[in-house]
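Everything on this sheet refers to the single structure shown next.
In this chain, numbering begins with 1 at the start of the sequence shown.
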Amino acid sequence: PCEVGKQTNSGALSLACQGVVQGRMIVPDTTAGDRAFEDEMRKPSTVVFFPSKEAMSASEAKLWATQRTGSSNLNVVLVDGTWSQAKTMNRRIPKEVPRITLTSAGDW
């Protein structure tokens with residue numbers, strides 16, 4: 001929550017790209033934010049953009065989403081913060097929600 005008002009907040013910057021990316025900012029650790037966050041985690045096409053050994057490529061995630069929902073559209077959760085904050089947030093996200101990473105610029 002303390003990052004929301006900062007000019008260096010990359011979450012706010014990504015929302016400025018609304019013509020390219022559709023999104024919304026959810027601030028956890030607030031009642032409304034926690035509820036919205038839980039709702040996003042339940043969507044069948046939700047993936048988390050976070051590097052890990054188990055992370056799929058974006059291409060693999062699109063195939064995964066197509067098999068689950070019939071659409072290759074992904075509901076991508078971007079974890080924003082310092083590495084320490086991002087790691088903490090990643091631990092709060094259920095393990096069942098796949099992680100994705102970029103393997104190349106042409107991956108999307």
Are the side chain of [X] and the backbone N or O of [Y] linked by a donor-acceptor pair below 3.5 Å?
X   : Y   : answer
R68 : P44 : yes
T46 : E40 : yes
R91 : A86 : no

Legend entry - Min side-chain heavy-atom separation N90-R99 under 4.5 Å: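 Answer yes - side chains close enough.
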Legend entry - Side-chain heavy-atom pair D39, R42 within 4.5 angstrom cut-off: yes
Hey, what do you get for [atom1] ([X]) to [atom2] ([Y]), rounding to the nearest 0.5 Å?
X   : Y    : atom1 : atom2 : answer
R92 : F37  : CZ    : CZ    : 6.0 Å
K95 : S52  : NZ    : OG    : 8.5 Å
S57 : K62  : OG    : NZ    : 9.5 Å
F49 : T101 : CZ    : OG1   : 5.5 Å
T69 : W64  : OG1   : CH2   : 8.0 Å

Indicate the atoms forming the closest heavy-atom contact of [X] with [Y], along with that distance.
X   : Y   : result
M56 : E60 : CA-OE1, 3.3 Å
L74 : A58 : CD1-O, 4.4 Å
V97 : M41 : CG2-O, 4.0 Å

Legend entry - Candidate pair K87 and F50, rule side chain to side chain contact (heavy atoms under 4.5 Å, CB included), full reasoning: CA-CA 9 Å; K87 288 178 194 175; F50 195 85; 4.2 Å; yes
Legend entry - Single-linkage hydrophobic cluster, 4.5 Å side-chain cutoff, I100 and L78 together: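 Yes.
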Inset, instruction - Give the C-alpha distance, both sets of side-chain angles, the deciding distance and a yes or no for side chain to side chain contact (heavy atoms under 4.5 Å, CB included) between V79 and V48. - result: CA-CA 8 Å; V79 180; V48 178; 3.9 Å; yes
